[in-house]
Amino acid sequence: MHPINVEDYRRLARRRLPRIFFDYIDGGSFDEQTLQANRADFGAYELKQTVLVEPRPQDLTTRFLGARQALPFMLGPVGFLGLYSGEGEAKAVRAAHAVGMPFCLSTFSIASLADLRAITAGPLHFQLYVLDDRGLTEEFLAAARAASVDTLFVTVDTAITGIRERDVRNGFRSLTRLTPSLLARFLLRPRWLLDMARTGQPSVRAIEHRPDFGRGALEQAANLSRRIDKTLSWADIGWLRERWAGKLIVKGVLSPEDAVRARDLGCDGVVISNHGGRQLDGATSTIRALPGIRAAVGPEFCLMLDGGIRRGTDIVKAIGLGADGVMLGRAYAYGLAGASERGVADIIAILTREISISLSLMGVASIDALKAGGASLVLPRR
Ligand SMILES: Cc1cc2nc3c(=O)[nH]c(=O)nc-3n(C[C@H](O)[C@H](O)[C@H](O)COP(=O)(O)O)c2cc1C
């Protein structure tokens, strides 16, 4: 199959990855209602078609996170990229930086910030989980400063991990080492297994110096997730604000009240996110949450959005409804798992093309014109 859209890459990823990892990427919590709503609710909006406008050169650049960006979307934090494809984080960052797009590294990564900084000078962001071990949290901040990270995304919607039933059935949560039965399942995906064998046993590089977190990525990750601070509060966001001089973005906001609170605490923006439907099942879709949040925070405060982005039209709708920029999650993880670095690059190219075609058919010459047109270009479906 020659993949031509994100869904094709999803299918390719399903064929290439051991089921335990594909389901981990693909699944959501409980009945997966929010996961589905993230997709379905893009259908609640329609795009205004305008014909016979004089062709003008198209400009897809726009401003978010305090900088002029080449495209209206970026690669958001996805854990364990290095388990979906050998050196996955390096592949993703290279694909992003090839088009001048920022990449945000997850706390749950095989590669460290220093590893990535060694291969690229491009825009590198870091997603932080605040741990109950504040010393280690401060070490993460120091590593981010050393790697010239200018934007820190603090994820706040995972104090307690939602139950993802696909993972429970597959034994993902209790996965700490390679057992014979796991190896047997891995052998069903020889291509992936060879790729992993080539890169050697993965480990979470950022905590390699901490033997108390165990050995090997699976055990380290299990211990790391146990250490995520379950008592995190707005006071801790203030604590972070004092320690982080760069841009601070709160990831995982769904209500106008929480967005206003983040703004008033001096944060530089929020990511409207329900963690891709992996946390509170029954929570609103992100696209539905967006207009109310924009109205509450005013036009200047940076709003990023993620959740269910699979088409260029999804990005056009999010921008038209008030997002400054959009973040990809699963879309590029499918690309990486399906076809390595080329897959990530292709996902970026596919979405770029879809945005470009859609804007042309709308008679809109640029992302900034889409932002200016806003609700006159993206309307609730009647
Ligand atoms: C496999 C996977 C791992 C993820 N890991 C993280 C993570 O480590 N930190 C984080 O803040 N968000 C994480 N997320 C959430 C994404 O950043 C993003 O919010 C979500 O994927 C957006 O939904 P979408 O994938 O449907 O586009 C993860 C999502 C997936 C699918």
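Scope of the values below: all heavy atoms of this structure, side chains included, with no hydrogens, waters or symmetry mates.
- For the residue pair Ala95 and Ala345, the shortest heavy atom distance occurs at CB-N, 3.8 Å.
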Inset, instruction - Dump the intermediate steps for side chain to side chain donor-acceptor pair (under 3.5 Å) on Thr62 and Asp368, then the final yes or no. - result: CA-CA 6 Å; Thr62 195; Asp368 287 347; 2.8 Å; yes
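- Looking only at side-chain heavy atoms (C-beta outward), Val253 and Val271 stay at 4.5 Å or farther from each other.
- Around CZ of Arg189, the count of heavy atoms belonging to other residues, nucleotides or ligands within 6.0 Å exceeds 12.
- The 12-atom threshold is not exceeded at NZ of Lys48, counting heavy atoms of other residues, nucleotides or ligands nearer than 6.0 Å.
- Taking each heavy atom of Ala92 and Phe103 in turn, the nearest pair found is CB-CE1, 3.6 Å.
- Linking Ile, Leu, Val, Met, Phe, Trp and Tyr residues whenever their side-chain heavy atoms come within less than 4.5 Å places Phe126 and Leu136 in a single cluster.
- For Lys317 (side chain) and Phe42 (main-chain N/O), a donor-acceptor pair under 3.5 Å exists by modelled atom type.
- Nearest approach of Leu60 to Ser356, heavy atoms of both residues: CD1-CB, 4.4 Å.
- Taken together through direct or relayed side-chain contacts under 4.5 Å among Ile, Leu, Val, Met, Phe, Trp and Tyr, Ile272 and Leu35 form parts of separate hydrophobic clusters.
- You'll find the ring centres of Phe21 and Trp192 inside the 6.0 Å limit.
- For the atom pair CG of Leu254 and CD1 of Ile293, the computed distance is 6.5 Å after rounding to the nearest 0.5 Å.
- Although no hydrogens or angles enter the test, the distance criterion places no donor-acceptor pair under 3.5 Å between the side chain of Asn170 and the main chain of Phe172.
- Exactly one residue among Ile119, Thr120, Val344 makes a side-chain contact (heavy atoms from CB on, under 4.5 Å) with Arg94. That residue is Ile119.
- In this structure, Tyr129 and Phe108 have perpendicular ring planes: the angle between them is above 60°, well past the 30° mark.
- Atoms NZ and SG, on Lys247 and Cys302 in that order, are 9.5 Å from each other to the nearest 0.5 Å.
- Glu354 contributes a side-chain N or O that, together with a main-chain N or O of Gly312, makes up a donor-acceptor pair within less than 3.5 Å.
- Taking the centre and axis of the six-membered ring of Phe30, the NZ or CZ atom of Arg164 falls outside the cone set by 45° and 6.0 Å.
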Inset, instruction - Show the numbers, then the answer: is there a side chain to side chain donor-acceptor pair (under 3.5 Å) between Ser285 and Asn38? - result: CA-CA 5 Å; Ser285 66; Asn38 275 350; 4.9 Å; no
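- Transitive grouping of hydrophobic side chains (ILVMFWY, heavy atoms separated by less than 4.5 Å) brings Val326 and Val99 into a common cluster.
- Within a 6.0 Å sphere centred on CD1 of Ile163, heavy atoms belonging to other residues, nucleotides or ligands number 12 at most.
- Interatomic distance, Arg227 CZ to Thr137 OG1, rounded to the nearest 0.5 Å: 9.0 Å.
- Considering only heavy atoms from C-beta on, Leu152 stays 4.5 Å or farther from His125 through its side chain.
- For the pair Leu303/Phe64, no side-chain contact is recorded, criterion being any heavy-atom separation below 4.5 Å from C-beta on.
- Under the 4.5 Å side-chain heavy-atom criterion for ILVMFWY residues, no single connected hydrophobic cluster contains both Met362 and Val51.
- You'll find the side chain of Tyr45 reaches within 4.5 Å of the side chain of Pro291, heavy atoms only.
- The two residues Val270 and Ala262 make their nearest non-hydrogen contact at CG1-CB, 3.6 Å.
- Contact detail for Met196 and Gly86: the closest heavy-atom pair is CE-N, 3.6 Å.
- Within the 3.5 Å criterion, the main-chain N or O of Ile110 finds a donor-acceptor partner in the side chain of Glu89.
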Inset, instruction - Kindly indicate, with the supporting measurements, whether the criterion side chain to side chain contact (heavy atoms under 4.5 Å, CB included) is fulfilled by Trp244 and Leu128. - result: CA-CA 12 Å; Trp244 181 256; Leu128 177 77; over 6 Å; no
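- Applying the 6.0 Å contact sphere to CZ of Arg342 captures no more than 12 heavy atoms from other residues, nucleotides or ligands.
- Of the candidates Arg63, Arg294, Arg68, Asp324 forms a salt bridge (charged side-chain N to carboxylate O under 4.0 Å, His left out) with just one, namely Arg294.
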Legend entry - Worked check of side chain to side chain contact (heavy atoms under 4.5 Å, CB included) between Ile309 and Phe73: CA-CA 10 Å; Ile309 303 289; Phe73 62 103; over 6 Å; no
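- Using a 4.5 Å cut-off on side-chain heavy atoms (C-beta onward), Asp258 and Ser255 make contact.
- Atom OH of residue Tyr332 and atom CE of residue Met327 lie 8.5 Å apart, to the nearest 0.5 angstrom.
- Looking at heavy atoms from C-beta onward, Glu87 lies out of side-chain contact with Leu81 at the 4.5 angstrom threshold.
- Considering CD of Glu341 and CG of Asp346, their distance stands at 12.0 Å, rounded to 0.5 Å.
- Judged by distance alone, the side chain of His97 and the main-chain N or O of Ala121 form no donor-acceptor pair under 3.5 Å.
- No single ILVMFWY cluster, assembled from side-chain heavy atoms under 4.5 Å apart, contains both Ile367 and Ile357.
- Of all heavy-atom pairs spanning Leu290 and Ala318, the tightest one is CD2-O, 3.2 Å.
- Under a cut-off of 6.0 angstrom, the local environment of CZ in Arg191 is sparse, with at most 12 non-hydrogen atoms contributed by other residues, nucleotides or ligands.
- Checked options Asp236, Ile237, Asp229; the residue passing with Ser233 is Asp236 (criterion: side-chain contact (heavy atoms from CB on, under 4.5 Å)).
- The shortest distance between side-chain heavy atoms of Tyr334 and Arg14 does not fall below 4.5 Å.
- Note that the CD1 atom of Ile228 and the OG1 atom of Thr155 stand 8.5 Å from one another [nearest 0.5 Å].
- In this structure a side-chain-to-backbone donor-acceptor pair under 3.5 Å is missing from Asp41 to Arg288.
- No donor-acceptor distance shorter than 3.5 angstrom exists from the side chain of Glu219 to the backbone of Gly214, with no hydrogens or angles considered.
- Counting only heavy atoms from C-beta outward, the side chains of Asp195 and Ser85 approach each other to under 4.5 Å.
- Looking at Ser109, its side chain never comes within 3.5 Å of a backbone N or O of Ser112 through a donor-acceptor pair.
- At distances below 3.5 Å, at least one donor-acceptor pair connects side-chain atoms of Asp314 with backbone N or O atoms of Arg310.
- Within 6.0 Å of CZ on Arg215 lie no more than 12 heavy atoms contributed by other residues, nucleotides or ligands.
- Panel note: side chain Arg278, backbone Ile25; a donor-acceptor pair is recorded below 3.5 Å.
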